[in-house]
Amino acid sequence: MTATRTTTTASVPLAPGALPLLGHALPLLRDPLAFIRSLAGYPTMVRVRLGPTTALLICDPTLTRHVFVNDRTFDKGGPIYDRIREVIGDGLSTCPYPLHRRQRRLCQPSFHPRRLHGYAAVFGRASDATAGSWHDGQVLDVTREMMTLTTQATMETMFSGSLPAETLRRALADTNTVVSAFFRRMMTPALLRRLPTPAKRRYDQARARLFATITDIVAARRADPTDHADLLSALVAAVDVESRDHEQRLSDSELADQALTFFLGGMETTAITLAWALYLTATHPEIQRRLHAETDTVLAGALPGPEHLPRLDLAARVVTETLRLYPPAWMMTRTVTGEAELDGVRLRRGDTLVLSPYLIHRRPDLYADPTRFDPDRWLDTSPDRASYVPFGAGARKCIGDQFALTEAILALTAVTARWELTPVGDEPFRPKVETSLSSRGLRLRLRQRQATETTATHSPPVATSQPVPPAVGSGPGVCPVAH
Ligand code: HEM
């Protein structure tokens, strides 16, 4: 990305509507998506003031990929990651470049395709159990239900479902408090963030309790290191033979950071994706009819599982298209680690860059009729590496991408196997934009399908080792990770 002539960041156009002190905080808090969409016309980048920080928002897909891939120069950092680091320390998603490769090597075995097969069986069972607990005519709080589903699946795949229900309930409530605070804290100047307000106290308490809960889980697993075939066992067992100068295993505090990272990242982003997929299905009856046909043919009355994945083509395209329109990680930040240049603009150490899959995914020059939900646009094309980035790119690309896609496809299938979905009311549902594109408050009505009886008849009882309580709230999601 070297241009022949270089210029300074001051020459990059400033987005309209900046106020003294507040910068673009007002449009970003009031209607962030409209603000981001209004910037799609800038060809390469535009200056945005995020509270106290001035940042360069990248509008071009090739430049976006360049920043993602060059993670030594454009490292995790900036307002979003600084806030997330307060909670999950230097876990895989937040750690700086010098710590990253070792952590990634240690975490990668947890997501090995061999393990994914086992996780997929859990996803199928958990999804069928959730979908089977609803009744005809019910108006569903979709995000809450999807949180329950992904929590159940995450608990089983991560901790073999071995948490007492009360511990889980508290962890979810604390997660909700913490992630709800991220976006506002990101926009607030440091001095105000430190004020001992009741909200700040609640945030600090929830953060400390959440960490203590995870630390206890890790300590218990250290004491019983048998392979439970779950994510935590893989983390405990991981050895990095390439780490000659560092510890070859994860320390206790690193294990806690990683477990918390997966716990937060594994639930909300996937739940939100699923909620949006169900909303788009409900509002596009022809797609829903085809999904029903696919489900009936492929499952033929069986419980969804890994063996069905290769034939769930439409469900996979629905998930792909959902992540294009509503990428949960709609915005991410990077910090520049030294003198650098981006498309002819000289950058200095500490400069902040903003990347937005939401903006890239809705550019009309990249996607025909970009606001239209059209799963068939993926019939003959695979997602392009630069213009489709719901999971980021490069060495920091989401480690849980296949895990999340597998879960989302199987859960969508489990729901459509049993239910027909219809919207409640005529108004389109709008995302609640916080650290992620939340679907909080989305409601859909259920009508029982004929095929339900077949599915229900053949579904074995759900083998959860622990009853999982309903998700507490469905607050703003965050893949802690995803930012
Ligand atoms: C649909 C669901 C998900 C979405 C949209 C998503 C999105 C993302 C994105 C965009 C990134 C890159 C962030 C950046 O470059 O700044 C990321 C990283 C990450 N994600 Fe996800 N994610 C999802 C599910 C998951 C799941 C299920 C897990 C774990 C169980 C997970 C764990 C992680 C981790 C650990 C990273 C950091 C990777 C690294 O830096 O090496 N994510 N995710």
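Each ligand, and each atom within it, is numbered from 1 in the order the structure gives. By convention here, the first residue in the shown sequence is residue 1.
A salt bridge does not link Asp313 with Arg290: none of the charged nitrogens is closer than 4.0 Å to a carboxylate oxygen.
Residue-ligand proximity, Phe68 to ligand 1, at heavy-atom distances under 4.0 Å covers atoms 15 (O). Atoms of ligand 1 lying under 4.0 Å from any heavy atom of Phe403, numbered from 1 in the order shown and given with element: 27 (C). Set against the non-hydrogen atoms of Thr273, the atoms of ligand 1 under 4.0 Å away are 1 (C). Heavy-atom proximity to Ser93, at under 4.0 Å, picks out these atoms of ligand 1: 37 (C), 40 (O). The distance from ligand 1 to the heavy atoms of Ala404 drops below 4.0 Å at these ligand atoms: 1 (C), 2 (C), 24 (C). Residue His100 has at least one heavy-atom neighbour below 4.0 Å for each of these atoms of ligand 1: 39 (C), 40 (O), 41 (O). With ligand atoms numbered from 1 in the order given, ligand 1 contributes 10 (C) to contacts under 4.0 Å with heavy atoms of Gly392.
Contacts of Pro328 with ligand 1, taken as heavy-atom pairs under 4.0 Å, involve the side chain alone. For Arg396, heavy-atom contacts with ligand 1 shorter than 4.0 Å involve the backbone as well as the side chain. Counting heavy atoms closer than 4.0 Å to ligand 1, residue Glu407 contributes nothing at all. Contacts of Phe391 with ligand 1, taken as heavy-atom pairs under 4.0 Å, involve both backbone and side chain. Within the 4.0 Å heavy-atom criterion, the part of Phe111 lying near ligand 1 is the side chain and not the backbone. At a heavy-atom distance under 4.0 Å, atoms from both the backbone and the side chain of Leu92 approach ligand 1.
The closest non-hydrogen atom to atom 15 (O) of ligand 1, taken over Met331, Lys397, Gln402, Arg334, comes from Arg334. Which of Ala329, Cys107, Gly400, Cys398 comes nearest to atom 42 (N) of ligand 1 through a heavy atom is settled by distance: it is Cys398.
Residues Thr295 and Thr413 have side chains that never bring a donor and an acceptor to within less than 3.5 angstrom of each other. Looking at Ser387 and Asp384, their side chains do bring a donor and an acceptor atom within 3.5 Å of each other. Between the side chains of Arg37 and Tyr358, at least one donor N or O lies within less than 3.5 Å of an accepting N or O. Checked by atom type, the side-chain pair Ser233/Asp230 shows a donor-acceptor distance below 3.5 Å. Side chains of Gln258 and Gln103: a donor-acceptor N/O pair is present below 3.5 angstrom, by distance only. Between the side chains of Thr226 and Asp224, at least one donor-acceptor pair of N or O atoms lies under 3.5 Å. No side-chain donor-acceptor contact under 3.5 Å links Arg349 and Thr337.
Taking the six-membered ring where the residue is Trp, His361 and Tyr367 present perpendicular rings, their angle passing 60° and hence far from 30°.
Other residues, nucleotides and ligands contribute only 12 or fewer heavy atoms inside 6.0 Å of the CZ atom of Arg443.
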